[in-house]
Participant: 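My questions will all concern the structure given below.
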Amino acid sequence: MIKLKNISKQYHMGDVVINALDNVSMTISRGEFVIIMGPSGSGKSTLLNILGVLDLPTRNHGAYLLEDVDITELGDRELARIRNRHFGFIFQSYNLFPELNALENVMVPLTYAKRPKAERIKRAEELLEMVEMTHRLKHFPNQLSGGEQQRVAIARALANKPTLLLADEPTGNLATEQGNEILSLLKKLNEQGTTIVVVTHDPKVSTYGKRLVHLQDGKIVSDKAIEQSA
Ligand SMILES: Nc1ncnc2c1ncn2[C@@H]1O[C@H](COP(=O)(O)OP(=O)(O)OP(=O)(O)O)[C@@H](O)[C@H]1O
Ligand SMILES: [Mg+2]
C-alpha cells in the first residue's frame with residue numbers, strides 16, 4: 001500500500017543541517033498495526049507526517065509510493081486530495097473545533113467531501129456509536145473528558161474511510177485507564193480492517209500493535225513483528 005524508499009528530511013537552521021530522517025525505507029501493507037517508538041527528537045513525528053502527506057521529504061531523496069504512485073512528483077492540489085481521501089489523523093491534543101459539538105466535529109470531513117446533510121448526520125452518528133459516544137452527541141469539546149474528546153477525534157478521523165489511520169501520541173494527554181480505552185478502540189478498528197500507524201513513548205502501547213519500528217537519530221534501527229500474547 002505504502003512504500004518509502006530512501007526518504008530523508010533535512011531541516012536547515014542557519015549553517016546547521018538537521019537530518020530529522022536519514023535514508024528511511026519502509027513498507028506498510030493493508031491491515032497492519034505499526035507502532036513507532038524512539039527517543040525524543042528521533043524523527044517519529046516527522047516520519048508520521050511524511051507518511052500522512054502533511055509534510056514532504058526533502059527533494060531528490062528517494063520516493064514515496066502510495067498504491068504505486070510516487071506522490072513526491074505531485075502538485076499541492078493533488079496532495080491535498082490524497083490527504084483527504086487516504087489519511088485520517090489523530091493527535092495528542094485532539095484538535096477538535098471548540099465551537100462545534102461532537103456530532104458537528106465528526107461531520108466536518110464529510111462536509112468537505114460534499115455529502116448531503118442527512119447522510120452526513122447519519123454517518124456521523126454511526127461513527128460516534130462505534131466509539132461509544134452516542135450519549136454525548138451535543139456536547140462541546142470543553143464539556144467532554146480527555147478520553148471522550150479523543151474518541152470524537154477518532155470518529156472524525158475515520159469519517160472518510162481512510163486507507164491509513166495515523167496517530168501521534170494519541171494517549172499522551174490521557175490517564176492510564178482512558179489511554180487503555182483508546183488503545184483497545186484502535187485495536188478493535190484494526191481487527192475490523194483499518195490499517196493503523198501509532199507513534200508513542202509508552203512501552204505498554206506496543207502490546208496493542210502487530211509490528212514495532214524503532215527510530216534513532218532519524219534512522220530505523222529495528223523493525224519486527226510483535227509477539228501476540230493470547
Ligand atoms: N520545523 C523544524 N525545523 C527544524 N528542525 C526540526 C523541525 N521539526 C523537527 N525538527 C527537528 O527534527 C528532529 C526530529 O523531530 P521530530 O519531531 O520528528 O521528533 P520526535 O521523535 O517526534 O520527538 P518527540 O518524541 O519529542 O515528539 C528533532 O531534532 C527536531 O528538533
Ligand atoms: Mg513527536
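Computed from a predicted model, the values in this text were never measured in an experiment. Order of appearance sets the numbers: ligands from 1, and atoms from 1 within every ligand.
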Participant: Below 4.0 angstrom from a heavy atom of H201, which ligand 1 atoms are there? Numbered from 1 as shown, please.
Facilitator: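 Heavy-atom distances to H201 below 4.0 Å select 25 (O).
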Participant: Under 4.0 Å from atom 31 (O) of ligand 1, do we find at least one protein heavy atom?
Facilitator: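 Given the 4.0 Å limit, the answer for atom 31 (O) of ligand 1 is no, no protein heavy atom qualifies.
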Participant: Between D217 and K219, is there a salt bridge with N-O shorter than 4.0 Å?
Facilitator: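 Judged by the 4.0 Å cut-off on N to carboxylate O distance, K219 and D217 do not form a salt bridge.
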Participant: If the test is side-chain hydrogen bond (donor to acceptor under 3.5 Å, both in side chains), which one of T58, D55, T46 qualifies with K9?
Facilitator: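 Of the listed options, the one satisfying the test is D55.
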Participant: Report, as yes or no, whether the 6.0 Å neighbourhood of atom NZ on K3 holds more than 12 heavy atoms from other residues, nucleotides or ligands.
Facilitator: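 No - once you tally the heavy atoms of other residues, nucleotides and ligands closer than 6.0 Å, there are 12 at most.
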Participant: In a check of side chain to side chain contact (heavy atoms under 4.5 Å, CB included) between F33 and each of L189, L165, V198, T194, which one passes?
Facilitator: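 Output: one option passes, namely V198.
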Participant: For E169 and ligand 1, does the shortest N/O to N/O distance drop below 3.5 Å?
Facilitator: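 Checking ligand 1 against E169, no N or O pair falls under 3.5 Å apart.
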Participant: For atom 26 (O) of ligand 1, what's the nearest protein heavy atom and its distance?
Facilitator: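 Answer, as residue, atom name and distance: S40 OG, 2.5 Å.
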Participant: Charged N to carboxylate O below 4.0 Å: is that the case for E181 and R151?
Facilitator: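 Answer for the salt bridge query: yes.
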Participant: Give me the ring orientation class for F89 and F87: parallel if the planes are under 30° apart, tilted from 30 to 60°, perpendicular past 60°.
Facilitator: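 F89 and F87: tilted rings.
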Participant: Please confirm whether G41 comes within less than 3.5 Å of ligand 1 when only nitrogen or oxygen atoms on both sides are compared.
Facilitator: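 Yes.
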Participant: Answer yes or no: does atom CG of D68 have more than 12 heavy-atom neighbours from other residues, nucleotides or ligands under 6.0 Å?
Facilitator: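 No, because the 6.0 Å sphere around CG of D68 holds 12 heavy atoms or fewer from other groups.
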Participant: Measure the distance from atom 27 (O) of ligand 1 to every protein heavy atom, then report the residue, atom name and distance (to 0.1 Å) of the closest one.
Facilitator: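 For this ligand atom, the closest protein heavy atom is S45 OG, 4.0 Å.
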Participant: With a cut-off of 6.0 Å (strictly less than), are more than 12 heavy atoms of other residues, nucleotides or ligands near CD of E67?
Facilitator: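 Yes, because the 6.0 Å sphere around CD of E67 holds more than 12 heavy atoms from other groups.
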Participant: Short list, please: which atoms of ligand 1 are under 4.0 Å from a heavy atom of M13?
Facilitator: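 Near M13, the atoms of ligand 1 are 4 (C).
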Participant: When you measure from the heavy atoms of G38 to every atom of ligand 1, does any distance fall below 4.0 Å?
Facilitator: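 The answer is no, since G38 has no heavy atom less than 4.0 Å from ligand 1.
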Participant: Just checking: S45, one of its N/O/S atoms, less than 2.8 Å away from the Mg ion (ligand 2), yes or no?
Facilitator: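 Within the cut-off used here (under 2.8 Å), S45 does place an N, O or S atom near the Mg ion (ligand 2).
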Participant: Looking at ligand 1, is there an atom of it that comes within less than 4.0 Å of some heavy atom belonging to P39?
Facilitator: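 Judged by the 4.0 Å heavy-atom criterion, P39 does count as contacting ligand 1.
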Participant: If you have a sec, work out which protein heavy atom is nearest atom 6 (C) of ligand 1 and how many Å separate them, to one decimal?
Facilitator: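 Answer, as residue, atom name and distance: Y11 CD1, 3.3 Å.
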Participant: What atoms of ligand 1 come within less than 4.0 Å of a heavy atom belonging to S42?
Facilitator: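 Matching atoms, with element in brackets: 19 (O), 21 (O).
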Participant: Decide if atom CD of E177 counts as having more than 12 heavy atoms of other residues, nucleotides or ligands within a radius under 6.0 Å.
Facilitator: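 Counting other residues, nucleotides and ligands, CD of E177 stays at 12 neighbours or fewer.
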Participant: Among protein heavy atoms, which lies nearest atom 25 (O) of ligand 1, and at what distance?
Facilitator: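 Here the closest protein heavy atom is K44 NZ, 2.7 Å.
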Participant: Would you check whether A20 has a nitrogen or oxygen atom less than 3.5 angstrom from a nitrogen or oxygen atom of ligand 1?
Facilitator: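 A20 vs ligand 1: no N/O contact under 3.5 Å.
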Participant: Against I90, only a single residue in L158, L186, I196 fulfils side chain to side chain contact (heavy atoms under 4.5 Å, CB included); can you say which?
Facilitator: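 Only one of L158, L186, I196 forms a side chain to side chain contact (heavy atoms under 4.5 Å, CB included) with I90, namely L186.
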Participant: Any idea which protein heavy atom is nearest atom 16 (P) of ligand 1, and the distance to it?
Facilitator: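 Scanning the protein heavy atoms, the shortest distance from atom 16 (P) of ligand 1 goes to T46 OG1, 3.5 Å.
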